[in-house]
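Some notes on the structure that comes next.
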Amino acid sequence: QVQLVESGGGLVQAGGSLRLSCAASGRTFSRYEMGWFRQAPGKDREFVAAISWTGSTTYYADSVEGRFTISRDNAKNTVYLQMNSLKPEDAAVYYCASDRNIYVAGRECTYWGQGTQVTVSS
């Protein structure tokens, strides 16, 4: 099994930046894609970004393209989400996720973290 623990959330002003981290453990982690989803109150959980197990391929939602960057450090079993130029609509609980193919799995990813709150003030 895989365990995921997010950190780095908090309060930031619009236009500011935050860096989220997801510490992972588990025997099969290195072969799984890693990614981030987010969920705002009253809304469905939505895809944000994903990265292949080698780190060679990344995917982004149109809403964050050019502002967010996903990366991973397999030596540390950690995936990161650098969030720049944050907007109030980015406010949500951000969840780390892992699956063989996150694009296919979507909201049915095999492994999930508990989430970390990101609040963006106007």
Side-chain angles (χ1 to χ4, degrees):
Q1 62 181 12
V2 175
Q3 298 83 44
L4 307 174
V5 180
E6 303 97 333
S7 63
L11 175 65
V12 65
Q13 295 183 81
S17 299
L18 281 175
R19 190 193 195 201
L20 306 182
S21 298
C22 176
S25 62
R27 183 179 180 183
T28 62
F29 170 75
S30 63
R31 290 292 188 270
Y32 274 49
E33 294 185 344
M34 298 290 296
W36 294 90
F37 291 72
R38 66 187 183 187
Q39 187 167 23
K43 296 184 178 180
D44 292 334
R45 188 171 299 187
E46 65 175 349
F47 169 77
V48 176
I51 188 167
S52 64
W53 74 275
T54 63
S56 61
T57 304
T58 58
Y59 307 86
Y60 297 95
D62 290 343
S63 59
V64 305
E65 182 74 49
R67 299 188 297 120
F68 291 10
T69 302
I70 189 170
S71 61
R72 69 188 297 168
D73 185 342
N74 287 344
K76 298 181 179 179
N77 287 337
T78 302
V79 64
Y80 306 95
L81 185 67
Q82 178 67 46
M83 305 185 295
N84 298 326
S85 301
L86 283 162
K87 305 174 181 179
E89 52 263 43
D90 294 319
V93 176
Y94 282 71
Y95 296 91
C96 181
S98 183
D99 201 281
R100 293 286 188 183
N101 189 316
I102 288 179
Y103 183 83
V104 173
R107 292 187 290 271
E108 298 180 353
C109 286
T110 303
Y111 302 105
W112 294 94
Q114 291 297 112
T116 185
Q117 178 72 53
V118 172
T119 303
V120 184
S121 61
S122 301

Take atom CD in Q13; do more than 12 heavy atoms of anything else shown fall under 6.0 Å from it?
no
Spacing of W36 atom CH2 and Y60 atom OH [to the nearest 0.5 Å]
12.5 Å
Taking atom OH of Y80 and atom SG of C96, what is their separation to the nearest 0.5 Å?
11.5 Å
Rounded at 0.5 Å granularity, tell me how far CG in L18 sits from OH in Y94.
9.0 Å
Under 3.5 Å: donor-acceptor pair, side chain of R107, backbone of R45:
yes
Residue pair I102, C109: steps toward the side chain to side chain contact (heavy atoms under 4.5 Å, CB included) verdict:
CA-CA 6 Å; I102 288 179; C109 286; 4.0 Å; yes
If only atom types and distance count, is the side chain of N74 paired as donor or acceptor with the main-chain N or O of W53 below 3.5 Å?
yes
For the residue pair Y95 and W112, categorise the inter-ring angle as parallel (less than 30°), tilted (30 to 60°) or perpendicular (more than 60°).
perpendicular
Please give me the minimum heavy-atom distance between G9 and V118, naming the atom from each residue.
CA-CG2, 4.3 Å
In the structure I gave you, are the side-chain heavy atoms of R72 and I70 within less than 4.5 Å of one another anywhere?
no
Is the closest side-chain heavy-atom distance between D90 and R38 below 4.5 Å?
yes
Given the rule that I, L, V, M, F, W and Y join up when any side-chain heavy atoms are under 4.5 Å apart, are V12 and F68 in one cluster?
yes
For residues M34 and L4, determine if any side-chain heavy atom of one lies less than 4.5 Å from a side-chain heavy atom of the other.
yes
Closest approach of T78 to S21 (non-hydrogen atoms, all atoms of both residues):
CG2-CB, 4.4 Å
Nearest heavy-atom neighbours spanning S122 and P88:
OG-CG, 3.7 Å
Would you say L20 and E6 make side-chain contact, with heavy atoms under 4.5 Å?
no
Distance (rounded to the nearest 0.5 Å) between S98 OG and I51 CD1:
12.0 Å
If you take all heavy atoms of G115 and V93, which pair is closest and at what distance?
CA-CG1, 3.8 Å
Is any side-chain heavy atom of N77 closer than 4.5 Å to a side-chain heavy atom of S25?
no
Given 3.5 Å as the limit, does a donor-acceptor pair link the side chain of Q82 with the main chain of R19, or not?
no
The reported gap from CD in E33 to OH in Y103 (rounded to nearest 0.5 angstrom) is 12.0 Å
To the nearest 0.5 Å, how far apart are OH in Y32 and OH in Y111?
4.5 Å
side-chain contact (heavy atoms from CB on, under 4.5 Å) filter on T110, not counting sequence neighbours, yields D99
